[in-house]
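Working notes, beginning with the structure itself.
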There are 2 protein chains.
Amino acid sequence: MEVIYSTDHADHFPQGEIYEGQLIRPFECPERWDHIVAALGVAGFDHRSGPDVLDFAAVHAVHDANYVQFLQNFWANWLAAGHTGEAIPTMFPVRGLCHDKIPADIDGQLGFYALAAETSITAGTWSAVEASASLAQTAQRRVSAGASNAFALCRPPGHHASADQFGGYCFLNNAAIATQGFLNDGAQRVAVLDVDFHHGNGTQTIFYQRPEVLFVSLHGDPAEAFPYFLGYAEETGQGPGEGTNLNLPLPSGTGFAQWAAALEVGCEAIANHRPDALVVSLGVDTFKDDPISFFKLDTPDYLRIGQRIAALNLPTVYVMEGGYAVEEIGTNTVNVLLGHLNS
Amino acid sequence: MEVIYSTDHADHFPQGEIYEGQLIRPFECPERWDHIVAALGVAGFDHRSGPDVLDFAAVHAVHDANYVQFLQNFWANWLAAGHTGEAIPTMFPVRGLCHDKIPADIDGQLGFYALAAETSITAGTWSAVEASASLAQTAQRRVSAGASNAFALCRPPGHHASADQFGGYCFLNNAAIATQGFLNDGAQRVAVLDVDFHHGNGTQTIFYQRPEVLFVSLHGDPAEAFPYFLGYAEETGQGPGEGTNLNLPLPSGTGFAQWAAALEVGCEAIANHRPDALVVSLGVDTFKDDPISFFKLDTPDYLRIGQRIAALNLPTVYVMEGGYAVEEIGTNTVNVLLGHLNS
């Protein structure tokens, strides 16, 4: 399995995440990447490549052009407005407020394009975001060109990013960009399997009305877990996309047996969709010791996840999402890939 | 003019407000109250009283009962869930997300009931919030009982709080509670004049469909200023309330001449509404040296504001809102009241 990666991820490293009334070192930190690269080395994943230059065609097909421009130009505009610190959004277009007016003020724009306050923008954010998206796109193109599979070691992650909102550590939706890339390159139908602990609200909303993309997500019940305001079982798609969204929320304490049963449901839906390609949003924050999640998967379980995904027998791109038990993230991530290869 | 006040305000004092990527001492701080009380003493406002016990009838007429219960019980539930620090909301029900499901998790509830992230909840918040609302209600009842006017020295402020959202330093909408109190006590029509620098989004949304309440607000253009997502001139009311909402947004650098011209427009609308009572949301963050605003009013201007309001010749309750130039907040606030009395 070819690994697509880039050291540019390190350009994004906010110093503060709001947690318990404090600003702490963010859970989504550069060391996550280091541990995954180390574990890939130990496991012999020696076929590694840098990304191709990002082709914005697929990006603009899943993201609002003004939003992409906002991200690209944000730091320069932030400094030009006299700001000095990292940018943390504070005011949001919640229910009852305007959803269609974009403020002229850069602080207002920051809130307009945000869905959460734990995610900061820094000087290097765009560089890392662009690189991360290019990894997903490059991996997709390898598979569209005939490879059986590829792994995009994305950081920052992407699945919480909607067409025009950042948050949950995400800015561009790498999995959605890969999915759109498959369609652009000739796929008739694509499935996204999101195994991150958190619901992939961004991916869901991007494809919610599109029948050619099946979105399947296993995640912590949103009544109990971030992102709280999406991810319920009754969200099944809309309009032409009705029936192509499958949420499998699971309760606190879910262990592998219960989780694997849900995965089986998801895999059956994927098989029924008859996709030409599969994108896996690979988060390993389902791990029992993850500091901000509540499932109880253990390290050997990740081998079995990869095996089950491989049994779908689809051209597959793995896109890295979350996982905050930093010491174990490498082994758990690589176990999924090893399971896939040794199925 | 009777002053209704309470030292319970000091129970609410969060230690951190997100600003420039840091947590700083909040602009909305207890010293604001101290400076106003000191200036009241210098000016001879010796008729001061504590509040009556809050009667929740008017509160529940303008706020969602679940929201009020959320605020009342929040700190106990927050501790029971294992939290230790001040509560800062991080995930919000923005556009594209569910607006009708209340999470079971206390973190999710915190975001559900919030519209901004600069406002923390602490152990003493409810005590101060309840006291602040009771001040507004007590002042209103004095006026309903025959007093010409009264001043409620509210802290925390209220005008950003909607029926079921806190933020912008506000929790219960003191001005809306006073307004509803006038109606409950027999007024046919009430006007709210919001002269705080920031748009009173909460007050607007609470009364947006109610023709008996005219809401008039002078404020920084929301394209350039908090709360960004409400306060535009085209927001004129809805349904039966169409025509009873008047927003007068003003640009950066607005001085008193321009501001007073807008006040004149607002006062004419109030006179045309023929209200039985007036509630003034009194913020003095229009001051030229306010640290988070962009108007250029000076200390003597506040005398003229009070004079113009008094010329409406209406039973009037002043409800304290914002003002963050702490050294000058007392003099500027008291000048409005002196202007009112000496018109």
Side-chain angles (χ1 to χ4, degrees), chain A residues 14-23 83-105 107-109 111-112 114-122 162-165 167-168 201-202 205 208 221-232 235, chain B residues 14-23 83-105 107-109 111-112 114-122 162-165 167-168 201-202 205 208 221-232 235:
Chain A
Q15 295 303 297
E17 172 177 346
I18 301 165
Y19 189 74
E20 290 291 341
Q22 306 286 331
L23 282 171
H83 290 291
T84 52
E86 293 182 355
I88 303 175
T90 53
M91 177 70 203
F92 298 82
V94 295
R95 64 183 181 280
L97 300 180
C98 283
H99 289 182
D100 58 351
K101 291 198 184 77
I102 304 173
D105 180 74
D107 271 289
Q109 288 181 19
F112 181 83
L115 49 72
E118 84 294 276
T119 303
S120 307
I121 302 182
T122 71
S162 75
D164 63 356
Q165 290 160 323
N201 59 287
T205 58
Y208 207 55
D221 184 346
E224 300 285 353
F226 185 96
Y228 297 113
F229 309 114
L230 216 63
Y232 288 90
E235 298 156 9
Chain B
Q15 296 302 298
E17 171 178 345
I18 301 166
Y19 189 74
E20 291 290 342
Q22 306 287 330
L23 282 171
H83 291 290
T84 52
E86 293 182 354
I88 303 175
T90 53
M91 178 71 202
F92 299 82
V94 294
R95 64 182 182 282
L97 300 180
C98 284
H99 289 182
D100 58 351
K101 293 199 185 76
I102 303 173
D105 179 74
D107 271 290
Q109 288 180 18
F112 181 83
L115 49 73
E118 83 294 277
T119 303
S120 306
I121 302 182
T122 71
S162 75
D164 64 356
Q165 290 160 323
N201 59 287
T205 57
Y208 206 57
D221 183 346
E224 300 284 354
F226 186 95
Y228 297 113
F229 308 115
L230 216 62
Y232 288 90
E235 297 156 9

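The figures here come from the full heavy-atom set of this structure, side chains too, leaving out hydrogens, waters and symmetry mates. A note on names: the letters A, B, ... follow the listed sequences, proteins ahead of strands, and every chain is numbered from 1.
- For the set B/F92, B/Y232, B/Y19, the count of heavy-atom pairs under 4.5 angstrom toward chain A peaks at B/F92.
- Under the salt bridge (charged side-chain N to carboxylate O under 4.0 Å, His left out) criterion, A/D164 pairs with B/R95, not counting sequence neighbours.
- Taking B/P222, B/S120, B/C98, B/S162 one by one and counting their heavy-atom pairs under 4.5 Å with chain A, the maximum is reached by B/C98.
- In terms of heavy-atom pairs under 4.5 Å with chain B, the best-connected choice from A/Q15, A/Q165, A/Q22 is A/Q165.
- For A/T205, the part sitting under 4.5 Å from any heavy atom of chain B is the side chain, from C-beta outward, and nothing else.
- Of the two parts of A/D221, neither the backbone nor the side chain holds a non-hydrogen atom closer than 4.5 Å to a non-hydrogen atom of chain B.
- Listed for the B/E20 side chain is a donor-acceptor partner under 3.5 Å among the backbone atoms of A/G85.
- With a 4.5 Å cut-off on non-hydrogen atoms, B/E235 touches chain A through its side chain but not through its backbone.
- A/A117 approaches B/A117 most closely through the heavy-atom pair CB-CB, 3.9 Å.
- The most heavy-atom pairs under 4.5 Å with chain A, out of B/I88, B/L115, B/T119, B/L230, come from B/L115.
- In terms of heavy-atom proximity, A/A116 sits nearest to B/M91 at CB-SD, 3.8 Å.
- The CG atom of A/N201 sits 6.0 Å away from atom CG of B/L97, with the distance rounded to the nearest 0.5 Å.
- Of the atoms belonging to B/E17, not a single heavy atom falls under 4.5 Å from chain A.
- Looking only at heavy-atom pairs under 4.5 Å with chain A, the residue among B/E118, B/E86, B/K101, B/Q109 that has the most is B/K101.
- Residue contact with chain B, scored on non-hydrogen atoms closer than 4.5 Å, involves the backbone of A/P89 exclusively.
- Only the backbone of B/A114 comes within contact range of chain A, judged by heavy atoms closer than 4.5 Å.
- In terms of heavy-atom pairs under 4.5 Å with chain A, the best-connected choice from B/Y228, B/F229, B/F112 is B/F229.
- Heavy atoms closer than 4.5 Å to chain A are found nowhere in B/A87, neither backbone nor side chain.
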